[in-house]
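Starting from 1, each residue takes its place in the sequence as its number.
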Amino acid sequence: MNNSLLDTTGLPDTETEAFEATYQALKEEFRVEVPGYIDFQLEQFEALNHHKAVNLRDVFAIKNQCGDSYLLFVDMDTYHASPKPNPGHYTEYQPWALAYLKRNFGRVFIRTETIIDKIREIIFPVELDFKEDKPFSDRFYVLTDDKRKTELAMTQEFRDAMMAIKETDFVVEIFEHTLIIGNRKPITPENALYLADFVARLAELKC
């Protein structure tokens, strides 16, 4: 394995091993390349904005004839509670995946629906539901700033790709044509591969 493809500068040994194992698993499952510089404009996503800093350590393009998707290795500098006047912070290393979509979704937030969400919906009907796709609406909590635009963009094929995700601990955020997905878990082959699999499915929808 060519270690020069991975930026492990400053990482402890355990994190370096996790990075390398994840990259190896990614290569075995997908056709992967290291792209040139891309400004993903991650600052536009609320899911990442509550961190002190978000830094891209590595980016891998998942190749597809219909369009590339991406797996991002991200350093999250996060504040933690402290009794001192100045809170401290620590760094988390997380995998996030990104895809570019054919349709404009507006601004959308999707996660697995909880009991609290169902109760809140009775009082404040803000969630976007798909009456023609009850399994999807029963499983996912969808918030949008433009219901009509999102309804048109969130096709059956997109909803089927969402339903194919077996995990429950993730968040999807879409800003117009750009989607990110993450689960705020550490970088491991298992965590990264299921995120990469989802955005690879989305890339196929662009054909």
- request: Indicate yes or no for a side-chain donor-acceptor contact from Asp39 to the backbone of Gln41 under 3.5 Å, with no hydrogens or angles considered.
  value: yes
From the list Ile165, Leu202, Leu98, side-chain contact (heavy atoms from CB on, under 4.5 Å) with Ile181 holds only for Ile165
- Task: Tell me, with the steps shown, if Glu167 and Asn183 meet side chain to side chain donor-acceptor pair (under 3.5 Å).
- Result: CA-CA 9 Å; Glu167 305 294 336; Asn183 58 11; over 6 Å; no
- Task: Side-chain contact test, heavy atoms from C-beta onward, threshold under 4.5 Å: evaluate it for Phe45 versus Thr178 and give yes or no.
- Result: yes
Note: Lys149 and Asp146 closest approach over all heavy atoms is N-OD1, 3.0 Å
Sub-4.5 Å side-chain heavy-atom contact between Glu151 and Leu128
yes
Between His177 (side chain) and Phe105 (backbone), is there a donor-acceptor pair under 3.5 Å?
no
Tell me, with the steps shown, if Val74 and Leu56 meet side chain to side chain contact (heavy atoms under 4.5 Å, CB included).
CA-CA 5 Å; Val74 181; Leu56 272 179; 3.9 Å; yes
Here the pair of heavy atoms bringing Cys66 nearest to Glu204 is SG-O, 3.9 Å
| So do Val142 and Phe136 actually touch side chain to side chain, heavy atoms under 4.5 Å? | yes
Check: Given side chains that start at C-beta, do those of Leu179 and Val172 come closer than 4.5 Å, heavy atoms only?
Finding: yes
Value for OG1 (Thr144) from CD1 (Ile174), rounded to nearest 0.5 Å, stands at 8.5 Å
Exercise. Is a side-chain donor or acceptor of Glu173 paired with a backbone partner of Glu46 at a separation under 3.5 angstrom?
Worked result: yes
OG of Ser69 to CZ of Phe30, rounded to nearest 0.5 Å, is 7.5 Å
Margin query: Grouping I, L, V, M, F, W and Y whenever their side-chain heavy atoms are under 4.5 Å apart, do Leu152 and Phe175 come out in a common cluster?
Written below: no
One should read off an interatomic distance between Glu17 CD and Thr188 OG1, to the nearest 0.5 angstrom, of 13.5 Å
Do Val108 and Met154 make a side-chain contact, defined as non-hydrogen atoms from C-beta onward lying under 4.5 Å apart? yes
### Task
Walk me through it: do Asp68 and Tyr100 pass the test side chain to side chain contact (heavy atoms under 4.5 Å, CB included)?
CA-CA 8 Å; Asp68 295 347; Tyr100 291 112; over 6 Å; no
| query | Is the distance between the ring centroids of Phe73 and Tyr23 under 6.0 Å? | reply | no
Is it true that, when you exclude Glu132 itself, more than 12 heavy atoms of the residues, nucleotides or ligands shown sit nearer than 6.0 Å to its CD? yes
Could you walk me through whether Thr168 and Thr112 satisfy the side chain to side chain donor-acceptor pair (under 3.5 Å) test, starting with their C-alpha distance in whole Å, then the side-chain angles of each, then the deciding distance to 0.1 Å, before giving a yes or no?
CA-CA 6 Å; Thr168 61; Thr112 303; 5.1 Å; no
Phe130 ring centre to Arg159 NZ or CZ under 6.0 Å, with the angle to the axis within 45°? yes
| query | Does Asn191 use its side chain to pair, donor to acceptor, with the backbone of Pro186 at less than 3.5 Å? | reply | yes
Check: Does the side chain of Ile110 reach to within under 4.5 Å of the side chain of Tyr141, using non-hydrogen atoms?
Finding: no
Between Arg111 (side chain) and Phe140 (backbone), is there a donor-acceptor pair under 3.5 Å?
no
All heavy atoms of Tyr70 vs all of Val199, minimum pair found to be O-CG2, 4.2 Å
*Answer with yes or no after comparing the ring centroid distance for Phe198 and Phe170 against a 6.0 Å cut-off, counting only values under it.*
no
Closest non-hydrogen atoms of Ser137 and Glu127, given as atom of the first, atom of the second and distance, are O-OE2, 4.1 Å
For Ala196 and Ile62, the nearest pair of non-hydrogen atoms, with its separation, is CB-CD1, 3.5 Å
Worksheet item: Checking side chain to side chain contact (heavy atoms under 4.5 Å, CB included) for the pair Lys206/Leu101: CA distance, chi angles, key distance, verdict?
Response: CA-CA 7 Å; Lys206 295 176 69 176; Leu101 309 172; over 6 Å; no
**OP:** Would you please test Glu176 and Arg107 for salt bridge (Lys or Arg N to Asp or Glu O under 4.0 Å) and show each step?
**Re:** CA-CA 6 Å; Glu176 297 181 350; Arg107 182 174 285 279; over 6 Å; no
In short, Thr22 meets Ala18 closest at the heavy-atom pair OG1-O, 2.8 Å
Mind running side chain to side chain contact (heavy atoms under 4.5 Å, CB included) on Leu71 and Leu26 for me, showing each step along the way? CA-CA 9 Å; Leu71 185 70; Leu26 195 67; 3.7 Å; yes
*asked:* What I'd like to find out is whether the side chain of Gln94 reaches to under 4.5 Å of the side chain of Arg184, using heavy atoms alone.
replied: yes
| Would you say Ile180 and Ile38 are hydrophobically clustered, going by side-chain heavy atoms of ILVMFWY under 4.5 Å? | yes
